[in-house]
Amino acid sequence: MPELPEVETVRAGLSKLLVGKTITEINFDWAKSFPNAPSDVDNFALHAKVTQVRRRAKVLMIDLSTDYSFVIHLKMTGQLVFRSANKNFGAGHPNNSLVGSLPDKSTRVIIEFSDSSTLFFNDQRKFGWVKLMPTTQIVELDFFKRVGPEPLTKEFTSKLFRQRAMRRKNSNIKSVLLDQSVLAGVGNIYADESLWGAKIHPSTPVIDISTRKLNVLRDEIVYVLQLSIDKGGSTDKNYVDAEGKKGSYMSFSRVFRREGLPCPRCGRIIIKTRVAGRGTHYCPGCQKPPKNN
DNA sequence: CACTTGACCTGTCCGC
DNA sequence: TGCGGACAGGTCAAGT
């Protein structure tokens, strides 16, 4: 589910809603969603205040006054939904929400605060997780050691993108964009969207893409990610923000989930195929396949 | 090494 | 209406 824009939207929402609140109780129903010992909760989370909510790549961090943090990965279907006291919306509430009253059958972790507000971690497919760990140890996680630059910082120059992409110069560009060690935060939606923007076929080996086109691709990545953040992310199936609201990027999508529809640039019919083991959308008119393919 | 496949899970959709 | 299979936005481990 969530890629950089969705996780960033959740982060911004939680930052407004949670900072300063004090944790009073934590419950969970699935050990893999929250693999900590109960004593960790007692010692490092109960009575702690939320100091900050951060994001790196697709990972969220909720920092606590105990110098511990919740490190959270939403994977495909994770949601973090906040409910203030006495505002547990029922199904059908006209608030642009996909979620009804909580907890529901997908709720894995429940964090309650001293003002009776609650944060629900829901995850239909149980791939996601919440881990409580010392804040300073987060950067020591293997994922954090390997992960590439944040695409929405000025560090992410055309030159850096080209250098890191060329580490996998013989690989197809789609799998390189999905490789979190090349750059952080791009997933299946924004890989397809940015490749369309740069008029590059997803199967093209990096080595066969000109410097000029790689520079365009870098700009398209930045463009689609920022546009999606402005739209509150993409809700294809499950994604909602911290208030349970859907994002609207999908109505701006040019190729993703638009198979069978005309390309907004050239009018050819968008094709869905499989590249790098993932469903992949592209326009056969303006994204020409590599010659030897 | 680099790439592909399978695993982790549940739910939905499609064809028979 | 039921059943089997394919598929879904992510990542990691194992296999080729």
Side-chain angles (χ1 to χ4, degrees), chain A residues 1-10 28-35 55-60 71-80 98-99 104-109 121-131 141-148 164-195 202-207 221 224-225 228-229 231-241 246-253 255-260 272-281 293:
Chain A
M1 156 194 191
E3 307 178 26
L4 186 152
E6 291 74 34
V7 180
E8 176 58 25
T9 303
V10 172
F28 64 97
D29 86 326
W30 176 250
K32 288 183 182 176
S33 295
F34 189 70
R55 177 191 61 76
R56 174 78 169 101
K58 301 170 190 169
V59 178
L60 276 169
V71 181
I72 303 168
H73 203 306
L74 302 172
K75 291 288 180 82
M76 305 280 260
T77 55
Q79 304 172 328
L80 282 167
L98 277 174
V99 285
D104 65 19
K105 66 187 293 193
S106 73
T107 300
R108 310 297 170 206
V109 183
F121 175 69
N122 301 329
D123 185 18
Q124 179 183 104
R125 289 174 74 178
K126 299 182 174 178
F127 291 172
W129 42 258
V130 177
K131 290 172 187 162
L141 295 172
D142 285 347
F143 178 84
F144 277 77
K145 285 188 186 165
R146 281 200 325 267
V147 70
R164 297 187 75 96
M166 285 297 280
R167 302 201 304 205
R168 295 187 57 186
K169 60 185 173 166
N170 295 313
S171 303
N172 67 71
I173 185 65
K174 168 102 185 214
S175 48
V176 171
L177 292 183
L178 295 176
D179 182 343
Q180 299 298 293
S181 72
V182 173
L183 77 157
V186 171
N188 210 30
I189 298 174
Y190 305 106
D192 285 3
E193 289 290 288
S194 57
L195 287 169
S203 299
T204 314
V206 173
I207 190 104
I221 291 165
V224 296
L225 293 177
S228 184
I229 290 173
K231 301 301 174 192
S234 297
T235 296
D236 185 19
K237 292 210 173 82
N238 295 273
Y239 168 73
V240 292
D241 69 11
K246 302 182 202 172
S248 65
Y249 179 87
M250 289 303 283
S251 59
F252 295 82
S253 161
V255 283
F256 191 82
R257 282 293 148 75
R258 296 194 71 250
E259 61 269 30
K272 183 175 182 188
T273 179
R274 196 157 271 271
V275 177
R278 312 293 302 275
T280 297
H281 312 73
N293 186 3

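Naming: A, B, ... by sequence-line order, numbering from 1 per chain.
- A:Gly277 comes within contact range of no nucleotide atom at all, as no heavy-atom separation falls under 4.0 Å.
- With rounding to whole Å, A:Arg125 atom CZ is found 13 Å from B:dC8 atom P.
- Residues A:Val7 and A:Val59 form no side-chain contact, since every pair of their non-hydrogen atoms from C-beta on lies 4.5 Å or further apart.
- For C:dG10, neither phosphate oxygen OP1 nor OP2 lies less than 4.0 angstrom from any side-chain nitrogen or oxygen of A:His73.
- Taking atom CZ of A:Arg274 as the reference point, atom P of B:dT4 lies 12 Å away to the nearest angstrom.
- Looking only at side-chain heavy atoms (C-beta outward), A:Pro2 and A:Leu74 come within less than 4.5 Å of each other.
- Distance CG (A:Leu178) to P (C:dT11): 9 Å, rounded to an integer number of Å.
- For the residue pair A:Tyr249/A:Thr235, the side-chain donor-acceptor check at 3.5 Å is not satisfied.
- At distances below 3.5 Å, at least one donor-acceptor pair connects side-chain atoms of A:Ser194 with backbone N or O atoms of A:Ala191.
- A:Asp123 and A:Arg108 are not joined by a salt bridge, as no carboxylate oxygen comes within less than 4.0 angstrom of a charged side-chain nitrogen.
- At a threshold of 4.0 angstrom between heavy atoms, the contacts of A:Asp123 with the nucleic acid are absent.
- Phosphate contact (OP1/OP2 of C:dT11, side-chain N/O of A:Gln180, threshold under 4.0 Å): present.
- Between the side chain of A:Gln124 and the backbone N or O of A:Asn122 there is no donor-acceptor pair closer than 3.5 Å.
- Among the heavy atoms of the strands, none lies under 4.0 Å from A:Gly128.
- Within the structure, a side-chain polar atom (N or O) of A:Lys126 is placed less than 4.0 Å from OP1 or OP2 of B:dT10.
- By the stacking rule of 5.5 Å between ring centres and under 30° between planes, A:Phe127 stacks on the base of C:dG10.
- For C:dA14 and B:dC9, the P atoms lie 16 Å apart once the distance is rounded to whole Å.
- Among the duplex regions that DNA chain C forms, those built from at least three successive Watson-Crick or G-U pairs under 3.5 Å are B:2-8 with C:10-16, B:10-16 with C:2-8, ordered by first number.
- Counting any heavy atom pair closer than 4.0 Å across all strands shown, A:Trp129 reaches no nucleic acid atom.
- Comparing C:dG9, C:dC12, B:dC8 by their closest approach to the side chain of A:Arg146 singles out C:dC12.
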message: Using the rule given for side-chain hydrogen bond (donor to acceptor under 3.5 Å, both in side chains), can you reason through A:Tyr239 versus A:Ser234, listing the C-alpha separation, both sets of side-chain angles and the distance that settles it, and then say yes or no?
response: CA-CA 7 Å; A:Tyr239 168 73; A:Ser234 297; over 6 Å; no

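- Looking at the side chain of A:Asp236, the nearest of the listed nucleotides C:dG10, B:dT10, C:dG9 is C:dG9.
- Rounded to a whole Å, the CE atom of A:Met166 is 15 Å from the C1' atom of B:dA2.
- The nearest heavy atom of DNA chain B to A:Asn170 and to A:Lys32 marks one nucleotide each, and the one closer to the 5' end goes with A:Asn170.
- Within 4.0 Å of A:Lys169, counting heavy atoms only, lies no atom of the nucleic acid at all.
- Taking atom CG on A:Asp29 and atom P on B:dT10, their separation rounds to 11 Å, with Å as the unit.
- A side-chain donor-acceptor contact under 3.5 Å links A:Lys174 and A:Thr280.
- Note on A:Asn188: only backbone sugar-phosphate atoms sit closer than 4.0 angstrom, heavy atoms only; bases stay farther off.
- Counting any heavy atom pair closer than 4.0 Å across all strands shown, A:Ser234 reaches a base atom.
- As a whole-Å value, the separation of A:Leu4 CG from C:dG9 C1' is 13 Å.
- Contact annotation: A:Lys272 reaches the phosphate of C:dA8 (side-chain N/O to OP1 or OP2, under 4.0 Å).
- In terms of phosphate contacts, A:Lys58 brings a side-chain nitrogen or oxygen within less than 4.0 Å of OP1 or OP2 of C:dT11.
- Salt-bridge formation is not detected for the pair A:Lys246/A:Asp241: no Lys NZ or Arg NE/NH1/NH2 atom is positioned less than 4.0 Å from an Asp or Glu carboxylate oxygen.
- In the set B:dC8, C:dC12, C:dA8, C:dC12 carries the atom at the smallest distance from any side-chain atom of A:Phe143.
- For the pair A:Lys174 NZ and C:dG9 C1', the interatomic distance rounds to 10 Å; values are reported in whole Å.
- Across the C1' atoms, C:dG9 and B:dA2 are found 25 Å apart, a figure rounded to whole Å.
- Residue A:Arg278 places none of its side-chain N or O atoms closer than 4.0 Å to OP1 or OP2 of B:dT5.
- Taking the centre and axis of the six-membered ring of A:Trp30, the NZ or CZ atom of A:Lys126 falls inside the cone set by 45° and 6.0 Å.
- In this model, the phosphate group of B:dG11 is approached by a side-chain N or O of A:Lys105 to a distance below 4.0 Å at OP1 or OP2.
- No engagement by A:Arg108 is indicated, since no non-hydrogen atom pair under 4.0 Å with the nucleic acid exists.
- Going from the P atom of B:dT5 to that of C:dA6 covers 14 Å, rounded to whole Å.
- Residue A:Lys237 contributes atom NZ, which lies 14 Å from atom P of B:dG11 at whole-angstrom precision.
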